[in-house]
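Right, one structure below, let's go through it.
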Amino acid sequence: MSGDLPLNINIKEPRWDQGTFMGRAQHFFTVTDPRNVLLSSEVLEDAKTIVEDYRQGVVKPGLTEDQLWRAKYIYDSAFHPDTGEKMLLVGRMSAQVPMNMTITGCMLTFYRTTPAVVFWQWVNQSFNAIVNYTNRSGDAPITVNQLGAAYVSATTGAVITALGLKSLTKHLPAIIGRFVPFAAVAAANCINIPFMRQRELKYGIPVTDEEDNRLGESANAARQAIAQVVVSRIGMAVPAMAIPPVIMNALEKKAFMKRFPVLNAPVQVGLVGLCLVFATPLCCALFPQKSSMKVSSLEPELQESIRKSSPHTTIVYFNKGL
């Protein structure tokens, strides 16, 4: 061993207590930090080396505990927790705020015409598909055919939902029409996430005991994981898509906005970004990342297998994905 840093720091778990909402919020404020998107490949690889070496009992000379935790969070922001693969840049949680503020801001700005609704819903669901695939739970691969079918189904469902809601609001006050994008996004999340993670629903996701020993795969765990992610994603959209429309409805009546209508889109994008900076980590924190369920809630055959291989285990754990 090199250096003075002790080897008993548990970097497999987050730095803050994940049994509390505030602990999870602190964790996700770090994970979703948009500045991580700007980190170079060299910084990411250096963080990976520090983390993997520390797990093997090797400490970089002069490394402090704060530097270790910083490396761990840089590593977590760019590498999948189950596969260890470097994640697609736009699919990382650190890209959520800059990507979503741009897409959501445009959806809220350009909602009046059918082509605009179709285009921005397509862009949003394409982005969501990348995020859902990148942050899927488990380590099982998904085929190109499965990925394509899921993407087409989810995107088609989102566009149809948006157009259907838009047609229903034609004779309602203008402020109601501003909320069509939110309703469409909420409904689309209920379609997109299960479709993009349908393999998990069919074959299950890995479940482990408290010591991270793999006990099998469970579709019941996958259902719980996906339901929690859907709730979190809809929660993220609420402030960003519900607050700016009210503010913009009032601002557009002001003289300066009528004089400079070009400001509409940037102001709306900025408002959405402000909401997302807080909504993204706080809604990710609604449920523990390392979720759990009772053995008695698993499939009967898996329950039997666990009773034989690990009779004292009553609770199993799994990565719910993001």
Side-chain angles (χ1 to χ4, degrees), residues 1 6-28 31 48 51-58 68-69 72-73 75-76 79-85 87 93 132-143 146 193-194 196-232 284-322:
M1 167 183 161
L7 289 172
N8 61 353
I9 301 172
N10 184 13
I11 59 170
K12 288 184 178 180
E13 302 295 334
R15 189 172 192 176
W16 297 278
D17 180 10
Q18 297 301 284
T20 67
F21 175 76
M22 287 307 299
R24 294 195 295 273
Q26 286 178 288
H27 167 70
F28 280 109
V31 169
K48 181 180 181 181
V51 169
E52 291 182 345
D53 283 353
Y54 186 83
R55 288 172 178 170
Q56 297 297 319
V58 178
L68 175 64
W69 281 111
K72 179 240 181 340
Y73 275 101
Y75 175 82
D76 287 351
F79 296 90
H80 193 277
D82 292 325
T83 66
E85 297 174 354
M87 295 184 285
M93 292 309 293
N132 295 336
Y133 174 73
T134 303
N135 294 282
R136 67 197 183 282
S137 176
D139 50 14
I142 182 171
T143 68
Q146 290 171 329
I193 295 172
M196 291 306 296
R197 295 176 60 175
Q198 61 183 298
R199 193 182 193 285
E200 297 172 34
L201 292 171
K202 185 175 181 180
Y203 298 106
I205 56 175
V207 294
T208 68
D209 62 15
E210 199 169 6
E211 303 300 321
D212 279 336
N213 297 309
R214 190 162 174 163
L215 301 172
E217 290 75 37
S218 170
N220 288 359
R223 280 190 281 273
Q224 177 175 307
I226 290 170
Q228 291 176 346
V229 171
V230 168
V231 171
S232 295
C284 281
L286 289 175
F287 305 100
Q289 181 64 38
K290 186 178 181 180
S291 198
S292 63
M293 66 191 306
K294 294 179 179 179
V295 171
S296 58
S297 298
L298 300 172
E299 296 85 335
E301 60 274 15
L302 183 54
Q303 290 184 42
E304 185 63 27
S305 173
I306 291 173
R307 288 193 187 99
K308 290 178 180 177
S309 63
S310 184
H312 300 297
T313 299
T314 57
I315 301 289
V316 294
Y317 301 88
F318 52 91
N319 169 31
K320 71 175 176 63
L322 289 171

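This one's a predicted model, so the numbers in the text were calculated from it and none came from an experiment.
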Distance col, row K294:NZ vs I315:CD1, nearest 0.5 angstrom, shows 6.5 Å
Please lay out, stage by stage, how M93 and D76 fare under the test side-chain contact (heavy atoms from CB on, under 4.5 Å). CA-CA 10 Å; M93 292 309 293; D76 287 351; over 6 Å; no
Rounding to 0.5 Å, atoms CG (L298) and CD1 (I306) come to a distance of 5.0 Å
Taking the side chain as C-beta and beyond, is there a heavy-atom pair between Q26 and T20 under 4.5 Å? no
Step by step, work out the side-chain contact (heavy atoms from CB on, under 4.5 Å) result for L302 and V207.
CA-CA 10 Å; L302 183 54; V207 294; 4.1 Å; yes
| said: Given 3.5 Å as the limit, does a donor-acceptor pair link the side chain of N220 with the main chain of S297, or not? | reply: yes
A222 and E200 have their tightest heavy-atom pair at CB-O, 3.4 Å
In this structure, CD of Q289 is separated from OH of Y317 (nearest 0.5 Å) by 15.0 Å
In short, K320 meets C284 closest at the heavy-atom pair NZ-O, 4.3 Å
Q. Is the shortest heavy-atom distance from the side chain of K308 to the side chain of E304 under 4.5 Å?
A. yes
(request) Report yes if the side chains of F79 and V51 come closer than 4.5 Å at any heavy-atom pair, otherwise no. (result) no
Tell me, do R223 and L201 make a side-chain contact under 4.5 Å, heavy atoms counted? yes
dist D209:CG -> T314:OG1 (nearest 0.5 Å) comes out at 10.5 Å
Rounded to the nearest 0.5 Å, the CZ atom of R24 sits from the CG atom of D17 at a distance of 9.0 Å
Nearest heavy-atom approach of T313 to L215 is CG2-CD1, 4.1 Å
Output for pair (R214 CZ, S309 OG), nearest 0.5 Å, gives 13.5 Å
Side chain proximity check, R55 to I11, heavy atoms < 4.5 angstrom:
yes
For A285 and A25 the tightest heavy-atom approach is CB-N, 3.5 Å
query: Does the side chain of Y75 reach to within under 4.5 Å of the side chain of E52, using non-hydrogen atoms?
result: yes
Would you say the side-chain atoms of S232 pair up with the backbone N or O of Q228, donor to acceptor, closer than 3.5 Å? yes
For P14 and H27, the nearest pair of non-hydrogen atoms, with its separation, is CB-ND1, 3.4 Å
Q) Counting only N and O atoms by type, is there a donor-acceptor contact under 3.5 Å from the side chain of E85 to the main-chain atoms of H80? A) no
| message | Closer than 3.5 angstrom, by distance alone: can the side chain of Y73 be matched with the main-chain N or O of R15 as a donor-acceptor pair? | response | yes
key: Heavy-atom donor-acceptor pair, Q18 side chain to G23 backbone, under 3.5 Å   = yes
F318 and I205 have their tightest heavy-atom pair at CD1-CD1, 3.6 Å
Side-chain (Y54) to main-chain (K72) donor-acceptor, under 3.5 angstrom: no
- Task: Please confirm whether the backbone N or O of S218 pairs with a side-chain atom of E299, one donor and one acceptor, at under 3.5 Å?
- Result: no
inquiry  = Around atom CD of E301, are there more than 12 heavy atoms from other residues, nucleotides or ligands closer than 6.0 Å?
reply    = yes
Please check if atom CD in E13 has more than 12 non-hydrogen atoms from other residues, nucleotides or ligands closer than 6.0 Å.
yes
